[in-house]
Amino acid sequence: MNNMIKLAVVDDHPIVIQGIVSLINNLENMQVVGSFQSGSALISFLNNHEIDIVLLDIMLPDGNGIELCAQVKKLSPKTIVIAISNHTERSIIMQILQNGASGYILKNASVEELKNGIETALRGELAFSREVIEIIAKPSVNDLKGRPKFTKREKQILQLIAQGKTTASIADELFLSPLTVETHRRNMMQKLDVKNSIELINIATEQLLI
């Protein structure tokens, strides 16, 4: 039981909560320890309980998940937040990532995608369902004046990191060695003065480098 991953689900629709709870509790080493229909109820629970992962809806009766995500990360920095939503706007996805979320999964995702997303986030990587990866991959304005310049190769790698891909899969896709991919990643982190891939994606998005 010590290795059990404790999750909380926040959604204003009881039937959605019931479905997610049922799915999670059937997965090995995972258990939903709290389900809530409002952000305030989650925050009250977090004050007295440790939670490994929060699966968080964007639209809530007492606020929105984007702001709630920032509250959760401030109150419990180690708690992983994954957005579970029907919203497909790129700006919403990026806003909640900037507020500390570790992933974004659409409610039409498969059970396997949800399971993989949770496992990916637990490894410290960004977790997205397939449709979200396509949304994030849409190009934005980049190389604006006064911002760090990324090479064409760095931008390619950055896009793939943003899609939640591992160093090994990026290396395979671009026909590079894993060491080369990691070197590019380190260079980009140095340019933006960040410490990990999540910060790299957040700042690069903020500065319209993705």
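Side-chain atoms are counted along with the backbone in the values below, which use heavy atoms only and exclude waters and symmetry mates. Note that the numbering runs from 1 along the sequence shown for the chain.
Every residue two or more places apart in sequence or in another chain that forms a side-chain hydrogen bond (donor to acceptor under 3.5 Å, both in side chains) with Asn108 is listed here: Glu131. For Gln18, there are no side chain to side chain contact (heavy atoms under 4.5 Å, CB included) partners at least two apart in sequence or on another chain. For Arg153, the side-chain hydrogen bond (donor to acceptor under 3.5 Å, both in side chains) partners two or more places apart in sequence, or in a different chain, are Gln156. Shown here are the side-chain hydrogen bond (donor to acceptor under 3.5 Å, both in side chains) partners of Ser129, two or more places apart in sequence or in another chain: there are none. Under the rule for a side-chain hydrogen bond (donor to acceptor under 3.5 Å, both in side chains), the partners of Thr79 that lie at least two apart in sequence or sit in another chain are Ser76.
Between Gly117 and Ala127, the closest heavy-atom pair is O-CB, 3.1 Å. What you find for Leu97 and Ala101 is that their closest heavy atoms are CD2-O, 3.6 Å. Of all heavy-atom pairs spanning Gly39 and Leu68, the tightest one is CA-CD2, 3.5 Å. Leu158 and Ala204 make their closest contact through CD2-CB, 3.8 Å (heavy atoms, listed as atom of the first residue, atom of the second, distance).
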For residues 160-178, which side-chain N or O atoms pair as donor and acceptor with protein atoms under 3.5 Å away, sequence neighbours left out?
residue	atom	partner	partner atom	Å
Lys165	NZ	Glu173	OE1	2.7
Thr166	OG1	Ser169	N	3.2
Thr166	OG1	Ser169	OG	3.2
Thr167	OG1	Glu182	OE2	2.4
Thr167	OG1	Arg185	NH2	2.8
Ser169	OG	Thr166	N	3.1
Ser169	OG	Thr166	O	3.0
Ser177	OG	Thr180	N	3.1
Ser177	OG	Thr180	OG1	2.9

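Residues Ile80 and Leu122 have side chains in contact (heavy-atom distance under 4.5 Å, counting atoms from C-beta outward). A heavy-atom distance below 4.5 Å is not found between the side chains of Phe36 and Val9. Taking the side chain as every heavy atom from C-beta outward, Val10 and Leu55 never approach each other to under 4.5 Å. Counting only heavy atoms from C-beta outward, the side chains of Ile20 and Ile17 never approach each other to under 4.5 Å. Annotation: side chain of Ile105 is not in contact with side chain of Phe128 (no heavy-atom distance under 4.5 Å). Annotation: side chain of His49 is not in contact with side chain of Val33 (no heavy-atom distance under 4.5 Å). You'll find the side chain of Gln31 stays beyond 4.5 Å of the side chain of Leu7, heavy atoms only. Met59 is listed as a side-chain neighbour of His87, based on a closest heavy-atom distance under 4.5 Å.
Under the 4.0 Å criterion applied to side-chain N and carboxylate O atoms, Glu154 and Lys191 are assigned as salt-bridge partners. Using a cutoff of 4.0 Å between basic side-chain nitrogens and carboxylate oxygens, Lys115 and Glu119 are scored as salt-bridged. Look at Asp52 and Lys78 and you find no salt bridge, because none of the NZ, NE, NH1 or NH2 atoms lies under 4.0 Å from a carboxylate O.
Atom OG of residue Ser102 and atom CD1 of residue Ile118 lie 12.0 Å apart, to the nearest 0.5 angstrom. A distance of 6.5 Å separates CE in Met30 from CD1 in Ile24, rounded to the nearest 0.5 Å. Atoms CG and CG, on Leu42 and Leu56 in that order, are 7.5 Å from each other to the nearest 0.5 Å. Note that CD1 of Ile96 is 3.5 Å distant from CD1 of Ile58, once rounded to the nearest 0.5 Å. The CG atom of Leu114 sits 11.5 Å away from the CG atom of Leu106 when rounded to the nearest 0.5 Å. Rounded to the nearest 0.5 Å, atoms OH (Tyr104) and CG (Leu126) are 14.5 Å apart.
Between the Asp11 side chain and the Val16 main chain, no donor and acceptor come within less than 3.5 Å of each other. Of the possible polar contacts, none joining the Glu113 side chain to the Ala109 backbone as a donor-acceptor pair under 3.5 Å is found. Counting only distance, with no hydrogens or angles, the side chain of Asn29 and the backbone of Asn3 share no donor-acceptor pair below 3.5 Å. Proximity of a side-chain donor or acceptor of Asn64 to a complementary backbone N or O of Leu60 within less than 3.5 Å is not detected. Using modelled atom types, no side-chain atom of Gln71 and backbone atom of Ile43 make a donor-acceptor pair closer than 3.5 Å. In this structure, the side chain of Asn202 does not engage the main chain of Gly100 through any donor-acceptor pair within 3.5 Å.
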| said: For Glu199 and Asn196: C-alpha separation, side-chain torsions, deciding distance, then whether side-chain contact (heavy atoms from CB on, under 4.5 Å) applies. | reply: CA-CA 6 Å; Glu199 285 183 17; Asn196 56 50; 3.5 Å; yes
Exercise for the section: Carefully, step by step, assess Val54 and Ile82 under the rule side-chain contact (heavy atoms from CB on, under 4.5 Å). Expected result: CA-CA 6 Å; Val54 174; Ile82 300 175; over 6 Å; no
*Start with the C-alpha gap between Met94 and Ile136, add the side-chain angles, then the distance that decides, and say whether side-chain contact (heavy atoms from CB on, under 4.5 Å) holds.*
CA-CA 8 Å; Met94 292 309 178; Ile136 290 175; 3.6 Å; yes
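Connection of Leu179 to Ile157 is not established within any shared hydrophobic cluster, with ILVMFWY side chains joined at heavy-atom distances below 4.5 Å, either directly or through further cluster members.
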